[in-house]
Structures are given as C-alpha cells and as structure tokens.
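A quick write-up on the structure given underneath.
Computation of the quantities below employed the complete heavy-atom set of this structure, encompassing side-chain atoms and omitting hydrogens, waters and symmetry-equivalent molecules.
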Amino acid sequence: MLTRNPCIARLKSGYLFPEIARRRREFAAAHPDAKIISLGVGNTTEPVLPHINSGLVEGARRLGTAEGYSGYADEGFEELRRRISEVYYHGAFGVDEIFISDGAKCDIGRLQVLFGGSAKVAVQDPSYPVYVDGSVFAGAAGAGTDTGYQGITYLPCTADNGYFPNLARLPQNSLFYFCSPNNPTGATATRDQLEALVKAALRTGSIIVFDAAYSSYIRDSAIPTTIFAVDGADECAIEVNSFSKSAGFTGVRLGWTAVPKKLRFEGGESVLADWNRVCGTIFNGASNIAQRGGLAALDDEGRKELRALTDFYMENARLIRTAMQKHGVPCVGGDNSPYIWARFPGEDSWDVFSRILEKCHVVTTPGSGVGPAGRGCLRVSAFGHRADIEEGVRRLARLWDRG
Ligand SMILES: *Cc1c(COP(=O)(O)O)cnc(C)c1O
C-alpha cells in the first residue's frame, strides 16, 4: 500500500473550524430548541450588491454568445489586472505583475509550492491557519509540539506588544506571512510599523507574504491599505488580496497576487518568473464569470457598493466592540477590520468558548486554536445578518451583566 504523506501526517490537530462545528453540533443535539447564533466564522452573509451582481450575470451571458465567449484566461483578464493596479496600487504595477486567482487562500497554497519545503517560515502568532498548516503540507515544518511546529518561527502578537511582533526575532532568510488588518486579532499595522516590517525583511533577506484580504475595511486614512505603500517593499514583498471579504465573493472565488518584478531570490533569479511557471502549471486561471464581477466591482458604481457592503459589516463590528467595551471586556479590532479579539486573562479559550455557547448559544472562535499566543482570547466575527448580530450582542451583554 502507498504510505501516507509524512508531511500531512505531521499535522497536529484537525483544522480549527471542523472542531468548532463538531462542538456546535453536539450542543445543538443536546439542546434542540436553542437558536444558535454564529459569530464564529469568517464567512460573508450579505447578498452581492446589484451592480456587481450584474457584472457576474453579464459574464455568464457572454459565455453563451459567439462574440463574448472566452476560454482559459491564465493570468486573468488584462483589463481586470490594469484596474486592480490602478485602484489598489496607484498604477504602480504592470499588468504582468498582477495575477488573478480564485482566491487569496488558494494563492497562499500555491506560494507554498513556489517556496517549497526548504523555506524557513515565520508567522505572526496567532495567525490565519493556512500559513502554518500549508507550510506543514509543503514540508517546511518539523514535529508539532504544544507551542507549535519545530522549524516555524512564531512571533507573538499580544496586548503586551500592541499586536505587532518583535521584529528583532525575525530569523535570516525567512518567508514571513504577515496579515493586516489581521485575522484573527483585528489589529491593523500603522505606517511606521509597516516601514519597520519592510526594513526588517530587507535586513534579514526575507520575503514578506502580505495578506491584505481585509484592506477594504480600513477606515483610518493614515493606515496603508497595502504593503507597497512602503518604500522598498517591491524588493521584499508579495501581496495577496481578494474580492471575498470586500465584495462578498467568498462563494464566487476571485482574488489576486501582486508579485513585483524587482523581487529576487538569493541567487538573483526572478520570483515573478517562477510564480508564472507555478501558476501556469497547477492553476488554469480564475472563472471568467467571476472576473466580469470583479470588473464591475472596480468601476465607480462597484466601488460604492464595496464601500456600502464593508460599511454594513463595520457597523456590526461597532455593535460588538461597543458592547464589550461597555462591559469591561478588553478587546482590540473592529475599527479597521471585521474581527474583534477579546481577552479573558487567565482563562482557557475553549472554556470561554464553551461557556458562551452554553449560556448564550453563541458560537465564537477560540484564540488558542489559531496559535499558541491566542490562549485566553476569543475572536468574534462581524460577518452576520444585522438581527443576528444584535441578538448575539444582547445575549453576551446579559451574560456579562450577571458577571
Ligand atoms: C478570508 C481570508 C482570505 C480570503 O481567502 P479567499 O480564498 O480569497 O476567499 C485570505 N486571508 C485571510 C486572512 C482571510 O481571512
């Protein structure tokens, strides 16, 4: 018989969300009348807005016509790549530096193929699970322990350091996954912090994979929405982004990766050239229908809809954060991101998770599931229908009122 892939066998525990789902199912089976509200997942809930939706419909319509039909689009529609460069990067990138994808997570998986098992990986701790788990698949990690995988550098982001890592601890020649606005903590790096990040990457010969999936939630105009707002980033960073959280395309699937021409490996080889090769080999391009939707999202009317949709979730975030603050629950995020990260010092995340599930019938995300530094914390998501958010917040407030 074929033996199991030892890299996959090395994975310590199941993916976090199946475990949350299991606990939720168990609770629901024991309490069939409970109306469970989920503030746990990072999945969008609101319909695609009309103008953007008409782009998707138009994309489907074209495929049924002789003039409009298109097949493989490899790196993506040139028009869409140009629009992305204009809207997100002030036109700083050529179309050949923007790759359209079926989502940021999928591109992160392919980046792990690009850098391979010999890359030394560093992550913010806590972090979005695919950075670590995908690196384990790729063979970039050793054995798993209670404090993480050997060979992966965890840089704690906690209340003590304002959720920004100590960059003096970034090892030489790292592949550093950095997410801002952050999932799970909701913290957003300032311009000074991003400048320090780029400096640290250049100093250590590292490459930053900057995950900007939540850039459209930034409301503070002083906070950069891209790592490429910082000088020197085009020599040390790749950026992934997506229409999932900005346009509600989680089920449509559309994202992109910006790979600057100037980015080089140690031997001087072009990262862009290898990325082109990887994508051309194991990816055949994003859906043409989705790309029409993306084009609609980036014209004037579409951008108003992006703003309206993210404003809706940001109002949810405000409701959650306000309730926490009112009840003295220390928290961060929810101001430039759709996540609020609450601290319960001295407690176990899964205990807090269970208490809130049992007493409030509300599902959250236990911080310890997303990294060793997440212990005692809980992520609360602002993705939900308004009525559910309001009801969830009322129940949490009642719990905290009782103390
Ligand atoms: C949701 C999310 C993404 C988006 O992934 P897609 O594959 O584009 O849907 C990427 N990174 C983070 C941190 C996310 O939370």
F99 and F283 aromatic centres sub-6.0 Å: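 No, the ring of F99 stays outside the 6.0 Å limit from the ring of F283, centre to centre.
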So, do [X] and [Y] sit near enough that their side-chain heavy atoms are less than 4.5 Å apart?
{"X": "I100", "Y": "W256", "answer": "yes"}
{"X": "S381", "Y": "T365", "answer": "no"}
{"X": "S244", "Y": "R253", "answer": "yes"}
{"X": "F93", "Y": "V259", "answer": "no"}
{"X": "D231", "Y": "V198", "answer": "no"}
{"X": "K245", "Y": "S216", "answer": "no"}
{"X": "C179", "Y": "N182", "answer": "yes"}
{"X": "V362", "Y": "V380", "answer": "no"}

Counting only N and O atoms by type, is there a donor-acceptor contact under 3.5 Å from the side chain of [X] to the main-chain atoms of [Y]?
{"X": "R83", "Y": "G294", "answer": "no"}
{"X": "T65", "Y": "R62", "answer": "yes"}
{"X": "K12", "Y": "T145", "answer": "yes"}
{"X": "S38", "Y": "G40", "answer": "yes"}
{"X": "E235", "Y": "G232", "answer": "no"}
{"X": "R82", "Y": "E79", "answer": "no"}
{"X": "Q112", "Y": "V130", "answer": "yes"}
{"X": "S349", "Y": "C377", "answer": "yes"}
{"X": "Q291", "Y": "A286", "answer": "yes"}
{"X": "T153", "Y": "A122", "answer": "no"}

Residues [X] and [Y] bridged, charged N to O under 4.0 Å:
{"X": "R23", "Y": "E26", "result": "no"}
{"X": "K105", "Y": "D211", "result": "no"}
{"X": "D96", "Y": "R81", "result": "no"}
{"X": "R277", "Y": "D274", "result": "no"}
{"X": "R395", "Y": "E391", "result": "yes"}

Step-by-step salt bridge (charged side-chain N to carboxylate O under 4.0 Å, His left out) determination, E301 to K304: CA-CA 5 Å; E301 213 172 326; K304 277 187 211 144; over 6 Å; no
Please say whether more than 12 non-hydrogen atoms of neighbouring residues, nucleotides or ligands are located less than 6.0 Å from [atom1] in [X].
{"X": "K199", "atom1": "NZ", "answer": "no"}
{"X": "H327", "atom1": "NE2", "answer": "yes"}
{"X": "E266", "atom1": "CD", "answer": "no"}
{"X": "R375", "atom1": "CZ", "answer": "no"}
{"X": "D300", "atom1": "CG", "answer": "no"}

Supply the atom-to-atom distance [X] [atom1] to [Y] [atom2], rounded to the nearest 0.5 angstrom.
{"X": "I238", "Y": "L111", "atom1": "CD1", "atom2": "CG", "answer": "5.0 Å"}
{"X": "T45", "Y": "R386", "atom1": "OG1", "atom2": "CZ", "answer": "10.0 Å"}
{"X": "L319", "Y": "I389", "atom1": "CG", "atom2": "CD1", "answer": "8.0 Å"}
{"X": "Q124", "Y": "L155", "atom1": "CD", "atom2": "CG", "answer": "8.5 Å"}
{"X": "T257", "Y": "D107", "atom1": "OG1", "atom2": "CG", "answer": "3.0 Å"}
{"X": "L194", "Y": "I227", "atom1": "CG", "atom2": "CD1", "answer": "4.5 Å"}

Could you walk me through whether F383 and N43 pass the side-chain contact (heavy atoms from CB on, under 4.5 Å) test, one step at a time? CA-CA 6 Å; F383 291 116; N43 201 353; 5.9 Å; no
Please give me the minimum heavy-atom distance between [X] and [Y], naming the atom from each residue.
{"X": "E358", "Y": "F27", "result": "CA-CE1, 3.7 Å"}
{"X": "T44", "Y": "Y313", "result": "CB-OH, 3.6 Å"}
{"X": "L254", "Y": "A290", "result": "CD2-O, 3.2 Å"}
{"X": "L272", "Y": "K261", "result": "CD2-CG, 3.9 Å"}
{"X": "A141", "Y": "I152", "result": "CB-CD1, 3.8 Å"}
{"X": "L56", "Y": "G293", "result": "CD2-CA, 3.7 Å"}

Option from T185, L39, N183, V370 for which side chain to side chain contact (heavy atoms under 4.5 Å, CB included) with R379 holds: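 The residue from T185, L39, N183, V370 that satisfies side chain to side chain contact (heavy atoms under 4.5 Å, CB included) with R379 turns out to be N183.
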Can you label the angle between the [X] ring and the [Y] ring as parallel, tilted or perpendicular, going by 30° and 60°?
{"X": "Y339", "Y": "Y214", "value": "perpendicular"}
{"X": "H31", "Y": "H361", "value": "tilted"}
{"X": "F353", "Y": "W350", "value": "perpendicular"}

Could you go through the side-chain contact (heavy atoms from CB on, under 4.5 Å) check for F243 and V48 one step at a time? CA-CA 11 Å; F243 290 86; V48 172; over 6 Å; no
Indicate whether the side chain of T158 and that of R343 have a donor and an acceptor atom separated by less than 3.5 Å.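 T158 vs R343: no donor-acceptor pair found between side chains.
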Can you tell me if E239 and Y88 form a side-chain donor-acceptor pair at under 3.5 Å?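 The answer is no; no qualifying pair exists.
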Step by step, would you call D388 with K35 a salt bridge (charged side-chain N to carboxylate O under 4.0 Å, His left out)? CA-CA 10 Å; D388 289 341; K35 184 185 175 293; 3.4 Å; yes
Decide yes or no on side-chain contact (heavy atoms from CB on, under 4.5 Å) for I52 and F249, but give the supporting numbers first. CA-CA 10 Å; I52 299 175; F249 274 20; 3.6 Å; yes
Please evaluate residues Y89 and I98 with respect to the criterion side-chain contact (heavy atoms from CB on, under 4.5 Å), reporting the C-alpha separation (whole Å), side-chain torsions for both, the decisive distance (0.1 Å), and the verdict. CA-CA 11 Å; Y89 308 109; I98 306 281; 3.9 Å; yes
